Number of protein chains: 2
Amino acid sequence: MTGLRSRRRSETAKDIQRAALSLIQRDGYDAVTTDAISRAAGISQRTFFNYYANKESALMGELPEISEQARAALLSGEGPAHRDLYRMMYFHTLGAMDKREELLVFVCLLNEHPQIFQLYLTRREQINRQLESLLAEKFPDLPEMMIKILADVMLNTGWAAIRCWLQTDTTLEAAFDNAWASLLDCLPLLLPTTQE
Amino acid sequence: MTGLRSRRRSETAKDIQRAALSLIQRDGYDAVTTDAISRAAGISQRTFFNYYANKESALMGELPEISEQARAALLSGEGPAHRDLYRMMYFHTLGAMDKREELLVFVCLLNEHPQIFQLYLTRREQINRQLESLLAEKFPDLPEMMIKILADVMLNTGWAAIRCWLQTDTTLEAAFDNAWASLLDCLPLLLPTTQE
DNA sequence: GCAAAATTTGCACACTATGCAAGTTGAACG
DNA sequence: CGTTCAACTTGCATAGTGTGCAAATTTTGC
């Protein structure tokens, strides 16, 4: 796929997402139909389904690729691990922007609409798997199970930080620091006791 | 709600799930409609939707309550933590049965149908939150963030163990031991280095 | 500029899902 | 046991979702 077609596809995908978000903010999630989104985006409803599987997918937009910035943020880091994680998630998941207001709208929708919550979980899982592949690169000698568990532990802590950030007045960086500290505080509960 | 009505409701929910699983195994997921499931379960399609939101929910059945056995398995344990986790998940999530064959069917469907995968993730999340409430009970003085992170770490390790169990010839107990060992092996990677 | 490939669109239609009212069943009470 | 009421099921209508298919349009390569 070449220049104009590729660019056109990206722009249309983005147009659809913007139309979805705008209509949903105006009319409420349940009142917005795929037909309305399509018209607002300037395409036919039939074409809508060439881009997105359903309404909530349109609302969330496309899964971001791992950018060079996000890769570098994690791979080049020599520690501490949570600094790497913060920078990776900042560039990748938040798209290097402080999109707090937009994300707050989104969290509201999440809490009210199970379909969106489901898709959010799927997105999270997909991003966790992306991180997993990065970690496999960073630690080429670790077994697969360890990579998977490490990715899950790190990313779930990161998501908890983002959620905390959205609910309090703290900075994103401080939220990551706090979540990480909580994780480290949990470790003694996981370690073998003297009884073992 | 009293005796017969309550029992009737449970049985009908179960009938629907069984019908869904049976039809899907026979005809393939995409070929089975909510109408077909309803007829096979002996109810109208309209009633189907009084029980389940959609086809994949019917396939997965209802979310199990935390049984006394599962509670006891986690709350009474004095360690090691992964023994508690194993016993809790055995009683709660696997329903105290070795349902390996049925779960293998399910894993196949998971990998082929995004809607089922999404619902699986939602189920996982719901069970994680159930574990979280149990942990809050077991450790009443821990802050909320720690409880949340601890629940995520433990349950994700448990899910990884179950997935491993389904893919290898190992026993479920050994799979939990291995996954837990992998988790402990990850901890040094998370701890602060001397540079901090 | 032309031919081929890629993409959009209109259309038909099956399936999903919900509101509503009529019919049926279970529970409570005398 | 009979009656009344609440809970549940069902039929029906209908809007929205989602897909296959072929014609129309746009982009690409030469």
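Reminder, nothing fancy here: chain letters follow the sequence lines and each chain counts from 1. Nothing here was measured: the structure is a model prediction, and the numbers come from that model.
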How many whole angstroms separate atom [atom1] of [X] from atom [atom2] of [N]?
X       : N      : atom1 : atom2 : result
B/Ile43 : D/dT10 : CD1   : P     : 7 Å
A/Arg8  : C/dA5  : CZ    : P     : 21 Å
A/Tyr51 : C/dT8  : OH    : C1'   : 9 Å
B/Asn50 : D/dG11 : CG    : C1'   : 13 Å
A/Arg7  : D/dT27 : CZ    : C1'   : 12 Å
A/Glu56 : D/dG18 : CD    : C1'   : 13 Å
A/Arg39 : C/dG10 : CZ    : P     : 12 Å
A/Asp30 : C/dT16 : CG    : C1'   : 15 Å

Using the test salt bridge (Lys or Arg N to Asp or Glu O under 4.0 Å), find all partners of [X] that sit at least two apart in sequence or belong to another chain.
X        : answer
A/Asp35  : A/Arg39
A/Asp15  : A/Arg18
A/Arg123 : none

Using a 4.5 Å cut-off on heavy atoms from C-beta on, say whether the side chain of [Y] contacts that of [X].
X        : Y        : result
A/Phe139 : A/Leu150 : yes
A/Met60  : A/Phe106 : yes
B/Leu119 : B/Ser57  : yes
B/Met146 : B/Pro143 : yes
A/Asn156 : B/Val153 : no

### salt bridge (Lys or Arg N to Asp or Glu O under 4.0 Å): pairs with one or both residues in residues 162-183 of chain B, sequence neighbours excluded
B/Arg83-B/Glu173, B/Arg83-B/Asp177
### Query
B/Ala174: what forms a side-chain contact (heavy atoms from CB on, under 4.5 Å) with it, not counting sequence neighbours?
B/Thr170, B/Thr171
Mind listing the side-chain donor-acceptor pairs of residues 108-116 of chain A below 3.5 Å, one per line with the distance, residues two or more places apart or on another chain?
| residue | atom | partner | partner atom | Å |
| --- | --- | --- | --- | --- |
| A/Asn111 | ND2 | A/Val107 | O | 3.3 |

#### Entry: For DNA chain C, the residues among residues 15-23 of chain B that have a non-hydrogen atom under 4.0 Å from it
none
Name the pairs: protein N/O against N/O of nucleotides 2-5 of chain D, kept only if under 3.5 Å.
none

Pairs under 3.5 angstrom, nitrogen or oxygen only, protein versus nucleotides 17-19 of chain C, please.
| residue | atom | partner | partner atom | Å |
| --- | --- | --- | --- | --- |
| C/dG19 | N7 | B/Arg46 | NH2 | 3.1 |
| C/dG19 | O6 | B/Arg46 | NE | 2.6 |

Give the nucleotide from the list [options] with an atom nearest to the side chain of [X].
X       : options                : result
A/Thr33 : D/dT26, D/dT17, C/dC15 : D/dT17
A/Arg5  : D/dT28, C/dT8, C/dG26  : D/dT28
B/Leu4  : D/dT27, C/dT8, C/dG26  : C/dG26

#### Entry: A/Asp152 vs B/Trp159, side chain to side chain donor-acceptor pair (under 3.5 Å): CA-CA, chis, key distance, verdict
CA-CA 11 Å; A/Asp152 284 340; B/Trp159 295 116; over 6 Å; no
#### Entry: Inter-axis angle, terminal five-pair segments of the helix from C/dG1-D/dC30 to C/dG30-D/dC1 [nearest 10°]
30°
### Query
Reckon A/Tyr52 touches a base, only the sugar-phosphate, or nothing at all at heavy-atom distances under 4.0 Å?
nothing
List the atom pairs, donor and acceptor, that lie under 3.5 Å between side-chain atoms in residues 24-34 of chain B and the rest of the protein, sequence neighbours left out.
| residue | atom | partner | partner atom | Å |
| --- | --- | --- | --- | --- |
| B/Tyr29 | OH | B/Glu56 | OE1 | 2.7 |
| B/Thr33 | OG1 | B/Ala36 | N | 3.1 |
| B/Thr34 | OG1 | B/Gln45 | NE2 | 2.8 |

### Query
So which of residues 115-123 of chain B are in contact with DNA chain D, with a heavy-atom cut-off of under 4.0 Å?
none
## Note on the structure
What one should report as the nearest heavy-atom pair of A/Arg129 and A/Ala151 is NH2-CB, 4.3 Å
### Query
Is the side chain of A/Tyr52 donor-acceptor paired with the backbone N or O of A/Ala13 at a distance under 3.5 Å, no angle test?
yes
### Query
Just by modelled atom types, is the B/Gln130 backbone N or O under 3.5 Å from a matching donor or acceptor in the B/Ser133 side chain?
yes
### Query
Taking for each residue the nucleotide of DNA chain C bearing the nearest heavy atom, is the 5' side occupied by A/Thr47 or by B/Val32?
A/Thr47
### Query
Under the side-chain contact (heavy atoms from CB on, under 4.5 Å) criterion, do B/Leu135 and B/Glu132 qualify, and how do the steps go?
CA-CA 5 Å; B/Leu135 287 178; B/Glu132 188 179 330; 5.7 Å; no
